[in-house]
Amino acid sequence: MSVPGVTLRGIEALPVEVEVEITGGLFAITIVGMPDVAVREAKERVRAALRSLGLNLKGRISVNLALPIALGMMTAAGALKECPKALYMGELSLDGRLRRVRGAVPAAFLARKMNMPLYVPAENAEEVALVQGVEAYCADTLSELVLMLTGAEKPRPVPPAYIPELPPNADPDFADIKGQAQARRAAEIAAAGHHNLLLVGSPGSGKTLIARAIAGILPPLTDDELVETLLVRSTLGIEAKPGRARPFRTVHFTASTVSVCGGGNNLKPGEVSLAHRGVLFLDEYTEFSRDLTESLRAPLEDGTITVSRAAGTVTYPSRVLLVLAANPCACGYAGDPVMKCTCTSLDLQRYKRKLSGPIMDRIDLQINVPRLTPEELLSFDTKGTPPENSAAIRERVVKARKIQQERWREYGLVCNAELPEKLVREHLTLSEGCRLYLATMAAKLNLSGRGLSRVLKVSRTIADLAGDEDINKKHMAEALMYRQIYGRG
């Protein structure tokens, strides 16, 4: 007797056949086929769950690789006349309840691909409902599922669902940030084109506040992007969040490379994949280990990350907006208007090297965030126009992103930051005057080929925010301004 089941490999669901045979002799359950610890331990949970249905198994039971195991045992023992051809997912409790499992979304895609029904625990119904075109059913207990399969009860279909866009939770709001006009502008450009951002400033200058405020101006996830993020979250068994807010993941500098990039015994996705289509924020960037920062080079360039271990190799999506925050020097007060810097010239050179190299070459926007004096902070409360709030900024960001989605739709891209070199050369056309200006500035700033390409992408985003069809010198001048702080163009 065999029952179809599902296993996970990264974010991809693969079909498996669970075969069960019962012969005479003393009772024993043997699971073969190199199962992992969770599968080997499932036999006792399955036995207890079946006992709750009044089915006491006898004889020697061999299972070739937990719900498919239980259905296979019941069919082999004659308690279930026939097990319909479908995919079954679910973890069994000792009393027969079906518990939530990870990987229900990939399983739904597999069921749709194989044109087979899918049975899942009721706790997984909400995320499975988001996969269009799949025939899915759910149950709370093994007993209820058996009644469905025997026709004693009508199956509980999982109706298709749609996640609406909820009002963004702008906390903090850009209206709470005093001054910092240039940093606010850079954050808007970063959100509009999904460009990587570096914020450099003294402690207390507002770097972290600005970084966190970016979450409130990001455009909502599209249907395709929502499914991509659900695939990663479902792989880890994380429940889907209500609404279409983009992920925002903060990583501390004590985090390990595995936790950020993924891996471990089960080849789990890391923070860079959980932040897919959203923001990955690394505060105190210069405190991160070199191994970790270097491991981010490939996902920043390719939008995917490959995790290889002895257990195998899997590839996860990792299209993130990387936001870095760092102090200007080791003591934190270089150029500060209040505190005096205590670093030597050698200390400053050593520290500057941490803010350069291959990673900085992939940062589109590099901004100094000066600390405001007490007088400046107080002056904003009494005169001048109030700071623009996140809702107004988000409106411009959403409009610019829609322009990009429409422009790059035929190429399967959604924003300017994703453009490969070929499309940059073919579609970001410049006038002769703009071309000459960019060539002159590239020589002055010692821009690398990658840096030059990123200036063009940022220029395109600035033009989109302004509603301009063509890139002009003004757009390029602003884009070049964000490449002149640290590192090689």
Side-chain angles (χ1 to χ4, degrees), residues 7-14 36 38 100-107 109 127 190 194-198 208 211-212 214-215 218 221 225-241 245-326 357-360 362-363 417-418:
T7 187
L8 281 179
R9 187 173 186 85
I11 59 172
E12 181 183 8
L14 301 176
D36 61 19
R100 178 187 181 87
V101 291
R102 65 186 185 91
V105 174
F109 279 99
E127 56 183 325
H194 209 71
H195 300 289
N196 300 325
L197 173 66
L198 168 67
T208 302
R212 294 189 181 279
I214 292 175
L218 291 173
L221 289 165
E225 291 173 335
L226 180 61
V227 170
E228 291 174 13
T229 60
L230 283 174
L231 280 169
V232 178
R233 297 179 69 85
S234 180
T235 301
L236 287 174
I238 302 174
E239 292 188 29
K241 291 183 178 181
R246 293 179 181 269
F248 188 98
R249 308 290 296 189
T250 301
V251 180
H252 194 262
F253 60 80
T254 57
S256 66
T257 302
V258 169
S259 68
V260 176
C261 298
N265 294 333
N266 297 326
L267 297 175
K268 295 180 180 179
E271 292 290 337
V272 71
S273 297
L274 287 170
H276 178 62
R277 296 298 181 187
V279 174
L280 180 66
F281 176 40
L282 273 59
D283 204 357
E284 304 294 343
Y285 169 71
T286 54
E287 300 299 323
F288 282 82
S289 69
R290 186 174 182 84
D291 287 344
L292 192 153
T293 56
E294 289 300 307
S295 65
L296 292 175
R297 291 168 59 177
L300 288 179
E301 198 68 28
D302 304 329
T304 59
I305 185 166
T306 300
V307 181
S308 298
R309 299 290 186 273
T313 300
V314 296
T315 299
Y316 291 111
S318 60
R319 185 74 66 182
V320 300
L321 193 172
L322 182 66
V323 178
L324 309 177
I359 292 295
M360 287 302 106
R362 292 165 171 82
I363 303 299
E418 295 181 11

Subject >> Shortest non-hydrogen separation from E228 to H276 and the atoms involved >> reply: OE1-NE2, 2.7 Å

Original post:
Does the side chain of P299 come within less than 4.5 Å of V320's, by heavy atoms?
Top reply: no

Original post:
If we only count heavy atoms from C-beta on, is the L236 to R102 side-chain gap below 4.5 Å?
Top reply: no

**OP:** Give a yes or no answer on whether the side chain of S273 reaches the backbone of P317 with a donor-acceptor pair at less than 3.5 Å.
**Re:** yes

Original post:
So, for T286 and A326, which heavy atoms are closest and what is the spacing to 0.1 Å?
Top reply: CG2-CB, 4.2 Å

Original post:
With S295, which residues qualify under side chain to side chain donor-acceptor pair (under 3.5 Å), at least two apart?
Top reply: none

**OP:** Supply the atom-to-atom distance I305 CD1 to Y316 OH, rounded to the nearest 0.5 angstrom.
**Re:** 10.5 Å

Original post:
Which heavy-atom pair separates L292 from A255 by the least distance, and what is that distance?
Top reply: CD1-O, 3.5 Å

Subject >> P106 versus S234, closest heavy-atom pair with distance >> reply: CD-OG, 3.6 Å

**OP:** Please report the closest heavy-atom contact between A325 and D283, naming both atoms and the distance.
**Re:** CB-OD1, 3.4 Å

Original post:
Taking C-beta and beyond as the side chain, do V260 and L296 meet within less than 4.5 Å on heavy atoms?
Top reply: yes

Subject >> Atom pair CZ (R277) and CG (L226), whose distance is rounded to the nearest 0.5 Å >> reply: 12.0 Å

**OP:** Report yes if some heavy atom in the side chain of Y285 is under 4.5 Å from a heavy atom in the side chain of I359; otherwise report no.
**Re:** yes

Subject >> CZ-CG distance between R362 and N196, expressed to the nearest 0.5 angstrom >> reply: 10.0 Å

Original post:
Between atom NZ of K268 and atom OG of S259, what is the distance when rounded to the nearest 0.5 Å?
Top reply: 12.0 Å

Original post:
Which value, rounded to the nearest 0.5 Å, describes the distance between E294 atom CD and T257 atom OG1?
Top reply: 11.0 Å

Original post:
Is there a side-chain contact between V105 and R233, using heavy atoms and a 4.5 Å cut-off?
Top reply: no

**OP:** Supply the atom-to-atom distance L300 CG to L280 CG, rounded to the nearest 0.5 angstrom.
**Re:** 8.5 Å

Subject >> Nearest non-hydrogen partners of A417 and H194, listed with the distance >> reply: CB-O, 3.1 Å

Original post:
Any side-chain heavy atom of L274 within less than 4.5 Å of one from P247?
Top reply: no

Subject >> Verdict with reasoning, F109 to V227, per side-chain contact (heavy atoms from CB on, under 4.5 Å) >> reply: CA-CA 10 Å; F109 279 99; V227 170; 3.1 Å; yes

**OP:** Fit a plane to each ring of F253 and F288, take the angle between them on a 0 to 90° scale, and name the class: parallel (under 30°), tilted (30 to 60°) or perpendicular (over 60°).
**Re:** perpendicular

Original post:
Are any of the side-chain nitrogens in E225 or R319 under 4.0 Å away from the carboxylate oxygens of its partner?
Top reply: no

